[in-house]
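The chains referred to below are lettered A, B, ... by the order of the sequence lines, with proteins before strands, and numbering in each begins at 1.
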Protein chains: 2
Amino acid sequence: MPRNRRPIDRAEKRDEIVAAATGLFTDVGYDDSSMAKVAAAAGVTPTTIYWYFADKDALLVAVVDHLLQEALLEAAPLFDAPVVDQLLWAVERLERYSKLVTVVHARCAISPAIDAWHNEFHSLMDTLLANGLSQAGARSEDLEAMTRMSVFVVEGLLTHPLALEERRQIIELVARPR
Amino acid sequence: MPRNRRPIDRAEKRDEIVAAATGLFTDVGYDDSSMAKVAAAAGVTPTTIYWYFADKDALLVAVVDHLLQEALLEAAPLFDAPVVDQLLWAVERLERYSKLVTVVHARCAISPAIDAWHNEFHSLMDTLLANGLSQAGARSEDLEAMTRMSVFVVEGLLTHPLALEERRQIIELVARPR
DNA sequence: ACCTGAACACCGTTCAAGT
DNA sequence: ACCTGAACACCGTTCAAGT
């Protein structure tokens with residue numbers, strides 16, 4: 001039996017649990033997806049999940065982190081695109097995860113693990129966006145505020161669904177230099 | 001016994017429950033404030049709450065609606081103030097209710113009652129802000145998008161605490177006409 | 001090391017019974 | 001009309017026991 005057999009099995013089963021949780025958290029929502037339902041969807045016992053994750057919030061972190069990595073891979077071709085395209089793409093791409101967005105925000109006040117992930121997420125977004133915004137002509141003294149503003153607008157658009165045209169208008173407005 | 005004795009008693013007890021729930025939801029959070037705790041804080045039995053409210057979400061609606069009415073009364077002197085002052089005031093005034101803001105967003109997808117309140121809240125905000133923004137010099141074709149943007153920024157600032165100076169910078173930026 | 005079944009202390013909500 | 005105590009079907013989590 002090869003030396004790395006165990007770790008691979010472990011990673012696979014962990015991934016299965018994360019996949020099951022991703023589906024349920026995305027569609028049904030975090031609150032209405034009990035550990036029992038996640039376990040059933042993953043083909044394990046509720047208690048088994050606790051062998052892989054400290055608690056339900058740790059599972060949520062694994063879910064959103066996995067989705068983030070996926071999205072970042074897909075976003076790679078856009079790294080040098082106009083910032084308006086980046087923002088529009090982000091909203092369209094993450095639209096279906098709006099339940100996760102709101103629940104992460106809500107649980108930041110409850111779970112330190114989620115709060116930590118959320119903070120890291122925002123530093124990453126700030127870094128990614130600052131470049132595109134300065135290329136769009138943002139004055140350097142406004143750059144930080146514009147970055148924050150853009151992130152807030154994306155989050156707002158994810159949480160408050162608007163018509164496509166309205167959405168585009170807001171994003172063009174937020175990226176417009178002044 | 002006067003004819004209106006009952007209704008007054010009823011309103012008073014209802015208010016006591018709302019007051020107890022407001023304190024707990026604001027400080028401890030919605031999820032961690034069980035109906036049993038709210039009941040204890042209000043000096044009643046958990047089941048009694050269900051005589052006054054359909055469920056926990058209806059109680060949450062009563063809480064946020066009460067806080068909104070309070071805030072609107074306090075905001076009256078600002079109705080003709082510069083929009084930047086309005087936005088800054090709103091963030092400072094509602095800062096302590098950030099837990100309620102995030103939980104309302106999270107439960108919009110779960111509770112139709114909360115979703116309905118949330119929609120009404122946003123139409124109200126849009127109406128209140130559009131006036132101030134056009135007076136700040138917003139071009140009429142941008143007015144709708146700027147209104148939405150401002151609301152998103154206020155919500156973002158409530159959910160993501162920033163230093164006072166940073167906050168002021170973002171609000172001045174979002175209200176700046178272009 | 002990994003997984004289970006049984007158990008624990010809760011939870012929101014309901015309902016028959018009281019006044 | 002208003003309020004209660006007991007009960008219901010869950011919940012996240014723990015833990016002794018298995019392999």
Requested in this report: Calculate the interatomic distance between A:Glu16 atom CD and C:dC3 atom C1'; express it in whole Å.
Outcome: 14 Å
Report task. Calculate the interatomic distance between B:Lys37 atom NZ and C:dC10 atom P; express it in whole Å. Result -> 9 Å
Query - Who pairs with C:dC8 - Watson-Crick or G-U, where each distance is under 3.5 Å - result: D:dG12
Query raised in the report: Nearest to the side chain of B:Lys13 - D:dG12, D:dC3, C:dC3?
Result: D:dC3
Query - Integer-rounded Å distance: C:dC10 C1' and B:Asp32 CG - result: 12 Å
Query raised in the report: Any side-chain heavy-atom pair from A:Glu120 and A:Leu68 closer than 4.5 angstrom?
Result: no
Report summary line: Closest heavy-atom pair, A:Met35 versus A:Asp55, reported as atoms and distance to 0.1 Å, is CE-C, 4.4 Å
Query raised in the report: Can you check the B:Met35 CE to D:dA7 P distance for me, whole Å?
Result: 21 Å
Query raised in the report: Thinking salt bridges, do A:Lys13 and A:Glu16 make one under a 4.0 Å N-O criterion?
Result: no
Requested in this report: Could you state the atom-to-atom distance from CD1 of A:Ile110 to C1' of C:dC11 in whole Å?
Outcome: 14 Å
**Report entry** D:dA17 pairs with, by Watson-Crick or G-U criteria that keep both distances under 3.5 Å
**Finding:** none
Query raised in the report: Closer than 4.0 Å, any side-chain N/O of B:Arg10 to the OP1 or OP2 of D:dC2?
Result: yes
Query - salt bridge (charged side-chain N to carboxylate O under 4.0 Å, His left out) between B:Lys99 and B:Asp32, intermediate numbers included - result: CA-CA 11 Å; B:Lys99 277 180 191 166; B:Asp32 289 346; over 6 Å; no
Report task. Assess the pair B:His160 and A:His122: is the distance between their ring centroids shorter than 6.0 Å? Result -> yes
Query raised in the report: Taking C-beta and beyond as the side chain, do B:Ser150 and B:Leu133 meet within less than 4.5 Å on heavy atoms?
Result: yes
Query raised in the report: Is there a residue in residues 40-56 of chain B whose heavy atoms reach under 4.0 Å of DNA chain C, and which residues are they?
Result: B:Thr47, B:Tyr50, B:Asp55, B:Lys56
Requested in this report: For the residue pair B:Leu59 and B:Phe25, establish whether any side-chain heavy-atom pair is separated by less than 4.5 Å.
Outcome: yes
**Report entry** Protein-nucleotide distance (A:Arg14, atom CZ; C:dC3, atom C1'), rounded to Å
**Finding:** 17 Å
**Report entry** B:Asp31 CG - D:dC11 P separation (whole Å)
**Finding:** 15 Å
